[in-house]
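Structure first, then comments.
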Amino acid sequence: IKQNLAQGNCNMIIKAKNTLSGQKLMLTSLIGRALKSALLPSIAAGMVTHAFAGELLVYSSTDADNLKYYMEEFQKDNPDIKVNVVRESTGTMAAKMMAEKDNPQADFLFEMAATVALNMEAEGMFVEYTPKGMDTIDQRYVDNTPPVTWVGNYGWAGCICWNRIEAEKHGLPKPTTWAELTNPIYKGHISMPNPASSGTGFLDASSWMQIWGEDKAWEYMDALHENIAIYTHSGSKPCKQAGSGEFTIGISWPGRAIKVIKAGAPIDMIIPEEGIGWEMQVVAIMKGTDNLEDAKTLMDWTLGDGMKLFGERQSIIADSSKVTKDPELPDFYDEVQAKLINNDFVWAAANKGRIVAEWKKRYDGKSEPKK
């Protein structure tokens, strides 16, 4: 310090974030403040008043390719803000953040499943902030319980991937409802994501409970379990398996179905008549951030310029007018929107642990091995 002062330097802040160990070391120099009045005017004028303005540590669990694209575009729009990103799967990231609850590391949570993130809200881990544009989006994506601490941007839903060739080979009728999947004729022909490890799997289980009530939903899953060949740890994998002919039916999500269909697989995407569960990705500012203003900028951006980008890559977003529809699937978007159930995200988040524990006790024996 003495050497730096002798050289006429004043380091207001020394900040190091080590994302490998998950530790953030922070040192604020009080000496700089004490000597501020003694500094040359030209030096004083160049100092920032906010501790860590211009840098954000962002945690995320959204798809890696989309995350990279969105963050690069945000930095193009905001070149004075440096973004450092740590990405993990939803379960891993949630465990990391809960472990850091009393010593938060991140400045911002960018796109995490609402049914996971809302448990963090309940722990008081988010900053109160109402982003610009929140009143103009679909209000199903909005935190309607004051004070506002999060907002949704985009989501995904459930669907059935149906292999036409395999179905013809085995003489299987095409289902139009969830209930039909319990028909013994489908035994061994269905794969489904595990609700304990897949957000898609959980949105299916929790939506069936909201459609039929818990008791009937467990009865349904008991019967469905008899026909399940395997539970995967990925929401995309069942549709890929159906696409390759490994199974005739894959319970998956529309975004993956579109990719498999456009890749040339003999797949039909079925939106069951009872309705489909859905999940949304939310953003929030982490309590304890050293850079609140830039965090607010990022949150506002997600409902502004960011929404246009989400519409390029997502089919279910908070402002459906921004969706870029695939000309080869013009009716898909309206069909999915029409079948989204009125999902109670707060209930789903509060009951997730209980539902997953019961699901594992009943059905985990058919889950694929974890790598």
Side-chain angles (χ1 to χ4, degrees), residues 61-63 88-95 112-119 155-162 178-179 181-182 186 189-212 214 217-243 246-247 249-257 260 269-272 274-281 316 336 340-341 343-345 347-371:
S61 59
T62 195
D63 295 338
E88 299 283 359
S89 64
T90 301
T92 302
M93 180 57 77
M112 175 177 276
T115 51
V116 177
L118 294 190
N119 287 321
W156 70 99
C159 77
I160 297 170
C161 293
W162 171 258
W178 291 119
L181 297 185
T182 62
Y186 297 122
H189 292 289
I190 304 174
S191 65
M192 172 185 167
N194 181 328
S197 53
S198 163
T200 304
F202 181 71
L203 73 82
D204 288 324
S206 62
S207 69
W208 294 331
M209 291 181 180
Q210 294 181 70
I211 292 170
W212 295 313
E214 287 199 44
W218 285 118
E219 291 175 8
Y220 170 75
M221 286 187 278
D222 285 344
L224 179 64
H225 179 68
E226 296 300 313
N227 291 343
I228 296 289
I230 195 167
Y231 296 105
T232 69
H233 296 297
S234 161
S236 296
K237 190 171 183 178
C239 199
K240 294 177 182 178
Q241 291 172 324
E246 186 176 353
F247 301 109
I249 297 171
I251 297 175
S252 189
W253 59 287
R256 180 54 59 185
V260 173
M269 178 173 57
I270 300 170
I271 308 299
E274 300 97 329
I276 50 177
W278 62 293
E279 175 67 281
M280 65 176 166
Q281 300 276 27
I316 302 172
V336 169
L340 296 180
I341 68 168
N343 201 352
D344 188 339
F345 291 103
W347 174 86
N351 289 278
K352 184 171 185 176
R354 175 180 62 83
I355 293 169
V356 165
E358 180 65 21
W359 187 95
K360 290 176 70 175
K361 184 170 68 174
R362 294 184 183 219
Y363 316 125
D364 207 24
K366 286 187 178 181
S367 292
E368 64 181 354
K370 287 187 177 181
K371 294 182 180 179

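Here, residue 1 is the first one in the sequence, and each next residue gets the next number. All values below were derived from every heavy atom in this structure, side-chain atoms included, with hydrogens, water molecules and symmetry-related copies excluded.
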For Y186, is there any backbone N or O sitting under 3.5 Å from a side-chain donor or acceptor partner on N227?
no
What's the spacing between Q210 CD and D344 CG if we round to 0.5 Å?
5.5 Å
Using side-chain contact (heavy atoms from CB on, under 4.5 Å) as the criterion, list what pairs up with S234, not counting sequence neighbours.
S236, K237
Any residue meeting side-chain contact (heavy atoms from CB on, under 4.5 Å) with E358, in chain and number order, not counting sequence neighbours
W218, K361, R362
Among all residues two or more places apart in sequence or in another chain, which pass the side-chain hydrogen bond (donor to acceptor under 3.5 Å, both in side chains) test with T62?
Y154
Under a 4.5 Å cut-off applied to non-hydrogen side-chain atoms, are V260 and M269 in contact?
no
CZ of F247 to CD1 of I228, rounded to nearest 0.5 Å, is 9.5 Å
Determine yes or no for a side-chain-to-main-chain donor-acceptor pair under 3.5 angstrom, with E88 supplying the side chain and S61 the backbone.
no
Could you check if a side-chain atom of W253 sits within less than 4.5 angstrom of a side-chain atom of P193, using non-hydrogen atoms only?
no
Partners of Y363 by ring-ring contact (aromatic ring centres under 6.0 Å, His included), sequence neighbours excluded?
H225, W359
Who pairs with S252 by side-chain hydrogen bond (donor to acceptor under 3.5 Å, both in side chains), at least two apart in sequence or on another chain?
none
Restricting to side-chain hydrogen bond (donor to acceptor under 3.5 Å, both in side chains), what partner residues turn up for S198, sequence neighbours left out?
none
Which residues pass the side-chain contact (heavy atoms from CB on, under 4.5 Å) test with A179, sequence neighbours left out?
T177, E274
Could you pull out all residues at least two apart from N351 that satisfy side-chain hydrogen bond (donor to acceptor under 3.5 Å, both in side chains)?
R354
Counting C-beta onward and ignoring hydrogens, is there a side-chain heavy-atom pair between L181 and I160 closer than 4.5 Å?
yes
Of L203, V336, I276, which is the lone residue that meets side-chain contact (heavy atoms from CB on, under 4.5 Å) with W156?
L203
I want to check something: taking the side chain as every heavy atom from C-beta on, are M192 and P238 in contact at a cut-off of under 4.5 Å?
no
W178: what forms a ring-ring contact (aromatic ring centres under 6.0 Å, His included) with it, not counting sequence neighbours?
W208
Which residues share a side-chain contact (heavy atoms from CB on, under 4.5 Å) with S207, sequence neighbours left out
I341
Going by ring-ring contact (aromatic ring centres under 6.0 Å, His included), name the residues that satisfy it together with H233, two or more places apart in sequence or in a different chain.
none
Output yes when a side-chain donor or acceptor of Q281 lies under 3.5 Å from a complementary backbone atom of G155, and no otherwise.
no
